[in-house]
Amino acid sequence: MNPPERRGLYPEIEPYDRGRLKVSDIHELSYEQAGNPSGRPVIFLHGGPGGGIVPVYRRVFDPQRYRIVLLDQRGCGQSTPKNELRDNTTWHIVSDLEVLRERLGISAWQVFGGSWGSTLALAYAQKHPERVLEIILRGATPWRETDMDWEFEHASVVWPDVWDKVVKLLGVSDRRGVLEGFWARLSSEDEAVRREAALMWAQWEVVKCSLVPDWNPASEWALSYVDGLALIECHYCRNGAFLDDGQLLDEMPKMARIPGVIVQGRYDMCTPMGGAWEIARLWPAAELRIVADEGHLFLEPGILHEMICATDRFCAKSG
């Protein structure tokens with residue numbers, strides 16, 4: 001018997017609306033809407049922290065049935081000021097989502113978050129459960145101390161060759177020392193120092209994202225780290241995402257009845273499966289979909305298939 005065909009992206013679409021949202025004296029955010037203005041509303045939360053929206057994110061939703069809302073978070077993408085760290089925390093972004101929801105006249109919406117976006121989705125749902133129809137997470141992480149220990153220390157057992165480059169650049173090998181060493185360089189006034197540190201940060205990120213990483217320091221992805229992504233990521237990592245250790249797991253009962261799907265690659269080495277497992281264990285209304293042969297990346301075929309199956313299922317339920 002042939003295996004069932006995996007789902008692929010919906011066709012390319014352009015936004016029907018683009019806007020700016022002033023959320024503080026400092027920050028003005030960029031957002032867009034695509035799909036069906038009368039469809040099921042969904043907010044897409046990008047990764048990073050420090051990423052930004054890209055056109056492919058629109059394409060995991062049926063454009064005939066979804067009202068797709070995408071937001072560049074503080075300091076990211078087309079939001080301004082670019083790379084601004086003042087008043088840039090998890091809880092500021094949670095507040096921004098409410099301001100945007102009210103601006104758009106949406107009473108409640110689906111929340112879709114991948115990687116860092118999954119952490120943000122959990123924080124938002126626990127703060128405003130009455131505003132969430134359902135949740136889809138990809139590469140989920142509750143952002144505990146143990147998750148950061150893996151990210152910036154223990155993962156070295158799998159990639160000692162790349163970790164050796166990190167240690168040689170920074171002169172330290174424990175998590176706190178690595179983060180502080182990166183921070184000193186990423187915030188340096190010397191552009192060459194910032195660039196070297198950003199590219200090293202990017203390489204350490206990339207190797208953990210896929211079973212077959214393709215590291216190219218001249219790639220668009222790598223250069224996005226030079227352009228500020230590494231700085232914002234480091235800002236959040238140094239501050240524990242502005243969460244108490246284990247906070248998101250402790251507060252799972254607040255969102256226990258919200259339907260959800262967690263899509264997780266078995267070999268995700270960026271946000272390892274233990275975090276998704278713990279989230280699912282405490283969330284009785286959610287289904288954990290484990291992709292047996294893949295890692296962390298958004299466009300890995302099995303990950304993509306499960307995400308689109310989830311978005312299709314929820315819009316079908318809405319009629």
Side-chain angles (χ1 to χ4, degrees), residues 15 17-33 41 43-55 57 68-106 109 111-128 131-132 141 143 148 179-180 182-191 193-195 197-198 201-202 205 223-244 247-248:
D17 173 53
R18 287 188 170 95
R20 308 285 299 178
L21 185 69
K22 186 76 172 174
V23 291
S24 76
D25 291 340
I26 301 172
H27 292 276
E28 184 175 273
L29 309 185
S30 174
Y31 69 88
E32 64 180 46
Q33 299 187 80
I43 177 69
F44 185 98
L45 304 178
H46 66 68
I53 58 177
V54 294
Y57 293 155
I68 309 158
V69 183
L70 304 101
L71 174 74
D72 281 326
Q73 297 159 25
R74 294 190 179 206
C76 306
Q78 301 303 310
S79 294
T80 55
K82 189 170 178 62
N83 304 329
E84 178 59 66
L85 303 182
R86 290 175 296 167
D87 294 343
N88 192 338
T89 72
T90 302
W91 302 109
H92 284 102
I93 301 174
V94 166
S95 176
D96 295 343
L97 296 176
E98 277 297 275
V99 174
L100 178 61
R101 183 190 60 77
E102 292 176 359
R103 160 74 73 85
L104 299 179
I106 295 172
W109 48 9
V111 179
F112 186 113
S115 195
W116 150 250
S118 75
T119 306
L120 186 57
L122 293 173
Y124 177 80
Q126 291 170 9
K127 184 74 171 177
H128 301 286
R131 301 303 181 188
V132 180
T141 174
W143 205 300
M148 289 297 96
L179 286 173
E180 293 306 318
F182 269 123
W183 177 253
R185 288 162 176 78
L186 292 169
S187 58
S188 170
E189 295 183 359
D190 187 323
E191 182 179 357
V193 170
R194 294 197 306 272
R195 181 182 179 85
W201 182 284
E205 281 275 284
L223 293 177
S224 71
Y225 283 86
V226 176
D227 197 35
L229 178 52
L231 178 70
I232 296 178
E233 281 191 344
C234 191
H235 166 67
Y236 273 78
C237 290
R238 289 177 71 236
N239 290 284
F242 305 92
L243 300 164
D244 294 332
Q247 177 178 343
L248 295 180

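In this chain, numbering begins with 1 at the start of the sequence shown.
Here the side chains of Cys76 and His46 are in contact, with some heavy-atom distance below 4.5 Å. Side-chain contact between Asp96 and Leu29 is present, with at least one heavy-atom pair separated by less than 4.5 Å. Here the side chains of Leu243 and Thr119 are in contact, with some heavy-atom distance below 4.5 Å. In this structure, Ile68 and Glu32 have side chains that are not in contact, with every pair of non-hydrogen atoms separated by 4.5 Å or more. Residues Asp72 and Tyr31 fail the side-chain proximity criterion, which asks for heavy atoms closer than 4.5 Å. Looking only at side-chain heavy atoms (C-beta outward), Ile26 and Pro81 come within less than 4.5 Å of each other. Between Trp143 and Cys237 there is a side-chain heavy-atom pair separated by less than 4.5 Å. With a 4.5 Å cut-off on side-chain heavy atoms, Leu186 and Arg194 do not count as touching.
Pairing each heavy atom of Ile93 with each of Gln73, the nearest pair is CD1-OE1, 3.8 Å. Scanning both residues, Glu233 and Pro49, for their nearest heavy atoms gives CG-O, 2.8 Å. Among all heavy-atom pairs drawn from Ser118 and Thr141, the shortest one is OG-N, 3.1 Å. Taking each heavy atom of Ile53 and Leu71 in turn, the nearest pair found is CG2-O, 3.5 Å. Pairing each heavy atom of Ala123 with each of Thr90, the nearest pair is CB-CG2, 4.0 Å. Minimum heavy-atom separation, Val111 to Ala121: CG1-CB, 3.6 Å.
The existence of a salt bridge linking Asp227 and Lys82 is confirmed by a sub-4.0 Å separation between a basic side-chain nitrogen and an acidic carboxylate oxygen. Asp87 has no carboxylate O lying under 4.0 Å from a charged side-chain N of Arg74, or vice versa, which leaves the two without a salt bridge.
When only modelled atom types and interatomic distance are considered, Thr80 and Arg20 share a side-chain donor-acceptor pair under 3.5 Å. Residues His27 and Ser24 have side chains that never bring a donor and an acceptor to within less than 3.5 angstrom of each other.
Enclosure of atom CG in Asp25 is not indicated, since only 12 or fewer non-hydrogen atoms of other residues, nucleotides or ligands lie within 6.0 angstrom. Counting heavy atoms of neighbouring residues, nucleotides and ligands inside a 6.0 Å radius, atom CZ of Arg195 does not exceed 12 of them. Other residues, nucleotides and ligands place more than 12 heavy atoms under 6.0 Å from the CD atom of Glu84.
Although no hydrogens or angles enter the test, the distance criterion places a donor-acceptor pair under 3.5 Å between the side chain of Ser79 and the main chain of Ser30. Under a 3.5 Å cut-off, the side chain of Gln126 and the backbone N or O of Leu248 do form a donor-acceptor pair. Judged by distance alone, with hydrogens and angles left aside, the side-chain atoms of Arg101 form a donor-acceptor pair with the main-chain N or O of Ile106 at under 3.5 Å.
One distance of note links CG of Leu97 with CG of Leu21; it measures 10.0 Å at 0.5 Å rounding. Distance check, rounded to the nearest 0.5 Å: OH of Tyr124 to CG of Leu45 gives 9.0 Å.
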Quiz item: Under the side-chain contact (heavy atoms from CB on, under 4.5 Å) criterion, do Arg18 and Leu70 qualify, and how do the steps go?
Solution: CA-CA 10 Å; Arg18 287 188 170 95; Leu70 304 101; over 6 Å; no
Quiz prompt | Verdict with reasoning, Thr89 to Asn239, per side-chain contact (heavy atoms from CB on, under 4.5 Å) | solution = CA-CA 9 Å; Thr89 72; Asn239 290 284; over 6 Å; no
Practice problem: Evaluate side-chain contact (heavy atoms from CB on, under 4.5 Å) for Phe182 paired with Arg238, printing each intermediate quantity in order. | Solution: CA-CA 10 Å; Phe182 269 123; Arg238 289 177 71 236; over 6 Å; no
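Only one option out of His235, Gln247, His92 pairs with Phe242 in a side chain to side chain contact (heavy atoms under 4.5 Å, CB included); it is His235.
Ring pair Tyr57/Phe44 is parallel by interplanar angle, where below 30° counts as parallel and above 60° as perpendicular.
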